[in-house]
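Heads up, the thing below is written out as structure tokens.
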2 protein chains.
Amino acid sequence: MTHPFQELIDHLPANARSELSLAKGEFLFRQQQPAAAIFAIISGRIRLFRDLPDGSSVTLHVARSGETFAEAALFAENYHCHAQAELETKVMRLNSRPLLEAIALHKDLGLHLSQILAAQVRDMRAMLCLRDIRSADERLLAWLRMKARGEQMNVAIDRPWAGISEELGLTKEAVYRSLTRLQREGLIERADRQGRERSEVIRLMRRP
Amino acid sequence: MTHPFQELIDHLPANARSELSLAKGEFLFRQQQPAAAIFAIISGRIRLFRDLPDGSSVTLHVARSGETFAEAALFAENYHCHAQAELETKVMRLNSRPLLEAIALHKDLGLHLSQILAAQVRDMRAMLCLRDIRSADERLLAWLRMKARGEQMNVAIDRPWAGISEELGLTKEAVYRSLTRLQREGLIERADRQGRERSEVIRLMRRP
DNA sequence: CATTACCTATGATCTCGATCATATGACTCA
DNA sequence: TGAGTCATATGATCGAGATCATAGGTAATG
């Protein structure tokens with residue numbers, strides 16, 4: 001599944017979706033425009049931000065590859081923020097009209113949409129909770145524990161640490177240092193799967 | 001509206017909901033138990049956390065007055081975490097069975113649930129975005145801008161700063177200091193509505 | 001009215017993570 | 001083969017925010 005809507009899309013008429021390409025700096029939609037669709041990012045990056053009456057603006061979200069955004073636009077008359085590509089970006093567009101019609105017709109779809117959103121809420125609450133942990137070591141450890149799968153408590157790292165650091169709200173340097181500290185204290189073990197796949201496996205050590 | 005489900009509840013049969021009281025330390029549900037309901041907090045505080053195979057545990061969320069939680073339980077066989085009261089707590093319980101039945105019957109409800117969840121996703125993304133701002137001054141300012149209503153860019157503060165600091169991921173001391181700095185720099189004005197209502201109004205000053 | 005509790009506010013100190021700099025290995029590609 | 005890029009480190013320094021301490025103001029309580 002490349003993005004959360006994948007399964008939903010399979011149950012939609014073909015006219016409900018389309019693919020768009022945006023140049024760097026191009027706007028996907030603008031604040032106040034009539035809301036007509038929701039989106040998922042195929043590649044690239046889109047910044048959502050709002051202009052305020054005093055002339056300033058606030059960033060509301062930066063959506064990256066695989067993420068969805070503007071879901072709330074399904075229920076609004078107008079977009080409440082701008083969406084601007086920070087890079088050359090490809091997005092999947094799901095038109096509100098046919099989407100709502102499909103949901104009205106086939107009630108499972110409505111529940112499925114709720115399910116997708118509920119999962120996002122759950123995951124984001126967990127990320128917010130992580131950010132409440134001040135210590136870099138503790139925060140990284142908690143993140144690893146959340147990601148760990150199976151009795152062995154292994155975590156496969158399949159992307160650069162720089163991206164993970166951002167997700168954690170830390171710099172990459174802080175994360176590298178935490179990794180070496182956690183390893184030195186015997187809380188994790190690092191296995192360089194450096195062959196072929198360039199992915200690393202972290203094993204969490206039993207010690208509460 | 002005291003909590004996000006309020007409107008939803010009005011459209012549900014009476015048997016779908018009930019109110020529970022929990023003593024401090026009491027568990028509302030436990031990991032692995034069959035998932036049978038979702039919840040909204042009336043008063044108090046509930047911590048959601050997961051036990052891991054290695055004997056450790058991670059906190060996934062701390063739900064407070066007015067918040068909902070365990071929405072994903074609607075779509076799961078079992079609860080994936082524990083829910084324990086950190087204080088004496090009252091919760092509203094919405095049973096999954098009648099809720100799902102009501103949604104199947106009356107499709108607007110399914111959309112309404114999606115709407116509630118989409119709004120939460122939107123708000124939480126904004127909070128996560130805030131946390132990416134390192135400077136206390138900038139973070140507080142961005143928060144105020146998000147909260148500001150009307151051309152006047154006023155923000156009514158109707159609860160102690162300690163709670164707001166937590167939401168911002170700062171200590172109350174850091175927030176107090178930021179407030180005085182922002183005021184000294186002319187970026188905000190503070191009006192002590194100290195009569196009766198004990199609420200304060202922050203006005204954001206025009207200056208990008 | 002005295003006591004307590006809580007919110008607001010500010011000072012002093014210190015720690016940890018941000019920042020800047022540098023190095024090394026792996027991979028790409030011209 | 002060498003230049004360029006990127007991910008992975010690690011060292012040095014600095015500052016912002018955490019932490020601890022203290023104090024005044026207001027509201028609630030008996």
Side-chain angles (χ1 to χ4, degrees), chain A residues 43-45 64-65 87-88 129-144 155-185 187-202, chain B residues 43-45 64-65 87-88 129-144 155-185 187-202:
Chain A
S43 67
R45 210 163 63 206
R64 290 149 199 279
S65 203
L87 311 169
E88 206 181 302
C129 213
L130 265 194
R131 296 292 186 105
D132 288 335
I133 302 173
R134 313 245 191 237
S135 145
D137 292 14
E138 293 296 317
R139 194 186 297 179
L140 174 56
L141 199 54
W143 183 85
L144 288 168
V155 189
I157 306 298
D158 56 358
R159 55 184 170 135
W161 284 104
I164 296 172
S165 313
E166 250 185 82
E167 188 175 320
L168 288 169
L170 298 166
T171 57
K172 57 187 184 339
E173 292 93 331
V175 169
Y176 286 133
R177 283 189 239 269
S178 280
L179 281 169
T180 62
R181 271 194 302 269
L182 291 175
Q183 189 171 27
R184 209 171 32 234
E185 291 163 21
L187 291 169
I188 62 171
E189 274 180 8
R190 309 180 62 180
D192 266 35
R193 271 217 199 134
Q194 54 193 3
R196 326 292 124 242
E197 355 173 350
R198 167 142 60 294
S199 93
E200 175 181 354
V201 173
I202 307 277
Chain B
S43 66
R45 209 164 63 206
R64 289 148 201 280
S65 204
L87 310 169
E88 206 180 301
C129 213
L130 265 194
R131 297 292 188 105
D132 288 334
I133 303 173
R134 314 242 192 241
S135 144
D137 291 14
E138 292 297 316
R139 193 187 298 180
L140 175 57
L141 199 54
W143 184 86
L144 288 167
V155 189
I157 306 297
D158 56 358
R159 56 181 168 138
W161 286 104
I164 295 172
S165 313
E166 250 184 82
E167 190 175 320
L168 288 169
L170 298 167
T171 58
K172 55 186 187 335
E173 292 93 333
V175 169
Y176 286 134
R177 284 188 239 268
S178 279
L179 281 170
T180 61
R181 270 194 302 267
L182 292 176
Q183 188 171 27
R184 209 172 30 235
E185 291 163 23
L187 291 169
I188 63 171
E189 274 179 10
R190 310 179 62 180
D192 267 35
R193 272 215 197 134
Q194 56 194 359
R196 326 291 124 241
E197 355 172 348
R198 172 148 51 298
S199 95
E200 176 180 354
V201 174
I202 307 277

Practice prompt. Determine whether A:V175 and A:I164 make a side-chain contact, defined as any pair of heavy atoms from C-beta on separated by less than 4.5 Å.
Written response: no
Worksheet item: Taking CH2 from B:W161 and C1' from C:dT10, how many angstroms apart are they, rounded to a whole number?
Response: 17 Å
Worksheet item: Which nucleotide in the set C:dC20, D:dT8, D:dT19 lies at the smallest distance from any side-chain heavy atom of A:E173?
Response: C:dC20
Worksheet item: Any luck finding a side-chain donor-acceptor pair between B:S178 and B:D137 under 3.5 Å?
Response: yes
Item to complete: Using atom NZ of A:K172 as one end and atom C1' of C:dA18 as the other, report the distance to the nearest whole Å.
Response: 11 Å
Item to complete: Please check the phosphate of D:dA9 (OP1 and OP2 only) for any side-chain N or O of A:R190 closer than 4.0 Å.
Response: yes
Worksheet entry | Nucleic acid contacts - residues 176-184 of chain A versus DNA chain D, non-hydrogen atoms under 4.0 Å | A:Y176, A:R177, A:T180
Worksheet item: Could you give the CG-to-P distance, from A:D132 to D:dA18, as a whole number of Å?
Response: 12 Å
Discussion item. Closer than 4.0 angstrom, basic N to acidic O: yes or no for A:E88 and A:R45?
Written reply: no
Practice prompt. Compare every heavy atom of A:I133 with every heavy atom of A:A142, then report the nearest pair and how far apart it is.
Written response: CB-CD1, 3.7 Å
Worksheet item: Under the salt bridge (charged side-chain N to carboxylate O under 4.0 Å, His left out) test, which residues partner B:R139, sequence neighbours left out?
Response: none
Worksheet item: Counting just side-chain N and O atoms, does B:T171 come under 4.0 Å of either OP1 or OP2 of D:dG17?
Response: no
Practice prompt. Could you tell me whether the side chain of B:E200 reaches within less than 4.5 Å of the side chain of B:W161, counting heavy atoms only?
Written response: yes
Discussion item. Without decimals, in angstroms, what is the distance between A:I133 CD1 and D:dG17 C1'?
Written reply: 18 Å
Worksheet item: Which is true for B:G169 with a 4.0 Å heavy-atom rule: it touches a base, it touches only sugar-phosphate, or it touches nothing?
Response: sugar-phosphate
Practice prompt. Would you tell me if any nitrogen or oxygen in the side chain of B:R134 comes within less than 4.0 Å of OP1 or OP2 on C:dA18?
Written response: yes
Discussion item. Whole angstroms only, please: what is the CZ-C1' distance between B:R139 and D:dA18?
Written reply: 13 Å
Worksheet item: Separation of A:R131 atom CZ from D:dG17 atom P, in whole Å?
Response: 15 Å
Worksheet item: Looking at the side chain of A:S135, which of C:dG17, D:dC20, C:dT8 is the nearest nucleotide?
Response: C:dG17
Practice prompt. Indicate yes or no: does B:R131 engage B:E167 in a salt bridge with an N to O separation below 4.0 Å.
Written response: no
Worksheet item: Is A:I188 close to A:L144 at the side-chain level, that is, under 4.5 Å between some pair of heavy atoms?
Response: yes
Worksheet entry | Test item: B:I202 and B:E189 side chains (from C-beta on) under 4.5 Å apart, heavy atoms | no
Practice prompt. Take the C1' atoms of the five end pairs on each side of the helix from C:dC1-D:dG30 to C:dA30-D:dT1, derive the two axes, and give their angle rounded to 10 degrees.
Written response: 40°
Item to complete: Quickly work out the B:E138 CD to D:dA16 C1' distance and round it to whole Å.
Response: 13 Å
